[in-house]
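Below is one structure, written out as structure tokens, with a few remarks after it.
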Protein chains: 2
Amino acid sequence: MNQNSGARGRRRHRGTDRVTIQDVASAAGVAAITVSRALNTPDRVSAKLRERIDQAVASLGYVPNLVAGGLASAEMRMIPVVVPSLSILTFIEVIHGIQQTLEEAGYQVLLGSTDFDLDREASLIDSLLGYSPSGVILTGLRHHERTARRLNSWGRPVIEIMELGDDCIDMNVGVDNYAVGACMAKHLLARGFQRIAYLGTGMDRDYRAMQRFEGHRRVLEEAKVECDILFRRDEPSSYASGRRLFLEALATRPDLQALHFANDNLAAGALMEANRQGVRVPEEIAIGGYLGLSLGEHLTPQLTTVTVPRFEMGVQAAKLMLARLECREQSASRMDIGYELTVREST
Amino acid sequence: MNQNSGARGRRRHRGTDRVTIQDVASAAGVAAITVSRALNTPDRVSAKLRERIDQAVASLGYVPNLVAGGLASAEMRMIPVVVPSLSILTFIEVIHGIQQTLEEAGYQVLLGSTDFDLDREASLIDSLLGYSPSGVILTGLRHHERTARRLNSWGRPVIEIMELGDDCIDMNVGVDNYAVGACMAKHLLARGFQRIAYLGTGMDRDYRAMQRFEGHRRVLEEAKVECDILFRRDEPSSYASGRRLFLEALATRPDLQALHFANDNLAAGALMEANRQGVRVPEEIAIGGYLGLSLGEHLTPQLTTVTVPRFEMGVQAAKLMLARLECREQSASRMDIGYELTVREST
DNA sequence: CTGTTAGCGCTTTCAT
DNA sequence: ATGAAAGCGCTAACAG
């Protein structure tokens with residue numbers, strides 16, 4: 001038996017001197033492929049050999065070289081997740097759901113961010129595909145034509161998250177932004193408000209906020225209520241921007257009764273500014289948001305918002321990806337993650 | 001010239017039919033290795049060939065197979081970042097700084113989370129090393145002995161972030177938690193408070209919060225002031241927990257004058273609960289936090305806190321990593337990212 | 001169930 | 001400055 005130590009031989013080339021599958025094979029007295037099988041598809045190896053191999057693996061401290069395996073099998077068990085920004089909590093929460101679900105299944109998440117730039121998205125995806133990932137998860141349905149084409153012909157699972165639409169590359173998990181915007185608008189109308197403004201930041205980049213506005217606008221139009229919009233082009237959606245928007249709204253449109261913010265960061269900022277100014281919400285002016293950030297339920301008054309299950313969206317996207325990877329099913333390629341109007345004190 | 005199309009020949013094996021470096025080489029009429037050099041070390045190829053190659057790359061739409069390159073060079077230009085949790089904003093901000101800096105330099109971030117479990121960290125790192133990453137960034141200085149040993153003998157850059165200490169594996173970027181805790185304690189004493197409690201959650205897992213408490217405790221001891229601690233073992237650091245801790249503190253220690261929270265999430269929750277209860281801060285009770293979350297400056301009263309540049313910590317860690325990878329310098333292997341006492345209205 | 005063989009696509013090594 | 005040859009460590013393909 002060549003059971004024992006010293007299982008290092010060749011290394012003609014450069015070789016990092018790590019324990020290889022061949023070392024394990026020699027130690028266990030089998031062929032390399034059998035070790036491979038024992039590790040990847042244990043049922044295809046007899047119990048006896050499997051045990052011998054496991055033992056050799058343990059005693060040598062063998063750790064598979066996933067790069068070599070990835071090259072041979074043309075699959076790296078990685079899923080790039082491409083989002084516009086890592087400073088927006090929403091994306092983080094989705095990523096969290098994705099990461100947690102995929103890691104459990106032995107897939108790793110590669111992080112990519114585009115800063116809302118479709119050119120960067122295109123080149124990022126190009127280089128990401130160079131890693132032979134098992135699938136790709138990216139944000140939104142709008143991409144460079146080149147991105148869509150490349151991904152289309154790529155032949156592996158692709159999921160577009162966040163927004164929902166008819167024309168996706170492969171699979172789609174998200175919310176209907178038009179419906180979300182309409183939902184809050186209806187709520188505000190139902191509360192009896194007639195002078196309503198939609199407020200946001202950077203909506204030229206974040207077109208999903210614009211979709212929500214469009215949903216909002218249509219509802220007001222239908223109700224024959226005048227539609228007002230106020231947005232600051234180059235600001236992020238921070239508490240500070242929310243405060244500024246709030247002050248600007250008060251100053252320039254003193255007769256407004258309700259403010260529909262593009263997201264909870266802004267809405268929370270507005271709420272905090274209202275508190276500071278002693279403006280009573282909703283008596284003097286009502287405030288509604290979007291997202292369902294936990295902060296909203298702890299502020300006084302509590303924030304009315306449209307809640308989207310962001311973590312869950314990530315989990316569902318990851319599950320869909322896994323289902324597809326394991327060929328379990330050709331599964332639904334489109335999933336509406338839904339939303340919920342959370343009526344609290346601020347309206 | 002074999003300049004034109006049809007540059008697909010063999011594929012004896014499985015082959016994903018992607019354009020390979022060989023296709024480019026044929027199209028440009030050079031050897032594969034020259035294409036490799038033109039792409040990776042352009043100065044080592046004559047301008048003439050370089051141009052011809054660039055053209056072939058563009059016209060064929062060649063995208064390098066990073067896995068093959070990674071196997072050959074034993075380096076994947078990836079940096080795993082391992083954190084305890086993706087639901088804690090602090091880590092997210094650090095990751096953001098890391099990701100942004102590394103992506104600019106052409107390195108990808110692999111995300112890993114351990115849920116504060118050193119066993120999971122150990123096995124996660126094992127498999128992450130299987131990807132032949134260029135370096136590793138992980139959280140904290142406490143690891144399984146096996147993790148430390150493996151990383152030590154690994155021979156590539158390793159950075160431990162968040163906390164600062166004497167005994168790191170390779171490089172260390174973080175803050176001195178003891179000093180941070182002491183800093184707030186001194187501030188509270190200087191404000192004249194004598195009955196002070198330290199409040200936190202899950203500090204058995206997050207030992208860095210415990211280090212801050214220890215710094216706090218020593219200061220009080222020195223000042224001969226009694227030291228009180230209140231913590232809830234199995235709760236996350238949420239606004240809700242902060243509110244509960246606040247109520248519990250009021251109920252069980254009605255004579256407390258100041259509350260030192262383990263982080264701003266808790267402190268902000270407490271502040272919001274105080275507002276809801278009509279408890280005046282800091283007149284009836286003072287509140288201090290840790291982190292410098294932006295929320296703190298928008299609440300009323302504004303939160304006094306110890307601010308840590310989290311995004312910047314990520315950026316610095318990434319820069320240190322890059323410096324090491326490019327061998328620019330053997331650079332300082334330990335970086336104190338510092339902190340700042342931000343005195344606002346709540347104390 | 002196990003083994004042999006032949007690459008995956010690139011880069012290192014060593015020549016020229 | 002360019003090229004030929006030889007693998008990196010693993011798995012797909014095909015036998016037995």
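Numbered from 1 within each chain, the chains take letters A, B, ... in sequence-line order.
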*Mind calculating the distance between CG (Leu71(A)) and C1' (dG7(D)) to the nearest angstrom?*
12 Å
*Got Val158(B) and Met171(B) here, is their nearest side-chain heavy-atom distance under 4.5 Å?*
no
*How close or far is atom C1' of dA1(D) from atom NZ of Lys48(B), stated in whole angstroms?*
12 Å
*What nucleic acid atoms does Leu49(A) come within less than 4.0 Å of, heavy atoms only: base, sugar-phosphate, or nothing?*
sugar-phosphate
*Hey, which sits more toward the 5' end of DNA chain C by its nearest nucleotide, Ile33(B) or Val67(B)?*
Val67(B)
*Donor-acceptor contact present, side-chain Ser73(A) to main-chain Gly69(A), <3.5 Å*: yes
_Go nucleotide by nucleotide along DNA chain C from the 5' end; which of Gly69(B) and Arg37(B) gets its closest nucleotide reached first?_
Gly69(B)
*Rounded to whole angstroms, how far apart are CD on Gln22(B) and P on dC8(C)?*
11 Å
*Of Ala68(B) and Asp43(B), whose nearest nucleotide on DNA chain D comes first from the 5' end?*
Asp43(B)
*When you measure from the side chain of Tyr62(A), which nucleotide among dG9(C), dT2(D), dC10(D) comes out closest?*
dC10(D)
*Please step through salt bridge (charged side-chain N to carboxylate O under 4.0 Å, His left out) for the pair Asp115(A) and Arg205(A), ending with a clear verdict.*
CA-CA 9 Å; Asp115(A) 200 29; Arg205(A) 314 179 76 200; 3.7 Å; yes
*asked:* Can you measure Glu75(B) atom CD to dT12(C) atom P for me and round it to whole angstrom units?
replied: 10 Å
*Quick one: Asn65(B) CG to dG7(C) C1', roughly how many Å, whole number?*
14 Å
*Find the distance Arg44(A):CZ to dA15(D):P and express it as a whole number of Å.*
18 Å
_Between P of dA4(D) and CD1 of Ile21(B), the distance in whole Å_ = 14 Å
_Can a side-chain donor-acceptor contact be found between Glu75(A) and Ser132(A) if the only test is distance below 3.5 angstrom?_
no
*asked:* Using whole Å, what does the distance between atom P of nucleotide dC8(D) and atom CG of Asp23(A) come to?
replied: 11 Å
*Between dC8(D), dC10(D), dA1(D), which nucleotide gets closest to the side-chain atoms of Ser46(B)?*
dA1(D)
*Hey, what do you get for NE2 (His144(A)) to CG (Leu151(A)), rounding to the nearest 0.5 Å?*
13.5 Å
*Tell me whether the OP1 or OP2 atom of dT11(C) has a side-chain N or O from Asn40(B) closer than 4.0 Å.*
yes
_It should be established whether Ser36(A) places a side-chain nitrogen or oxygen under 4.0 Å from OP1 or OP2 of nucleotide dT11(D)._
yes
*Using a cut-off of less than 4.0 Å, is there contact between a side-chain N or O of Ser73(A) and OP1 or OP2 of dC10(D)?*
no
*When you measure from the side chain of Thr34(A), which nucleotide among dG9(C), dT2(C), dT2(D) comes out closest?*
dT2(C)
*What nucleotide among dG9(C), dG7(C), dC1(C) has an atom nearest to a side-chain atom of Ala72(A)?*
dG7(C)
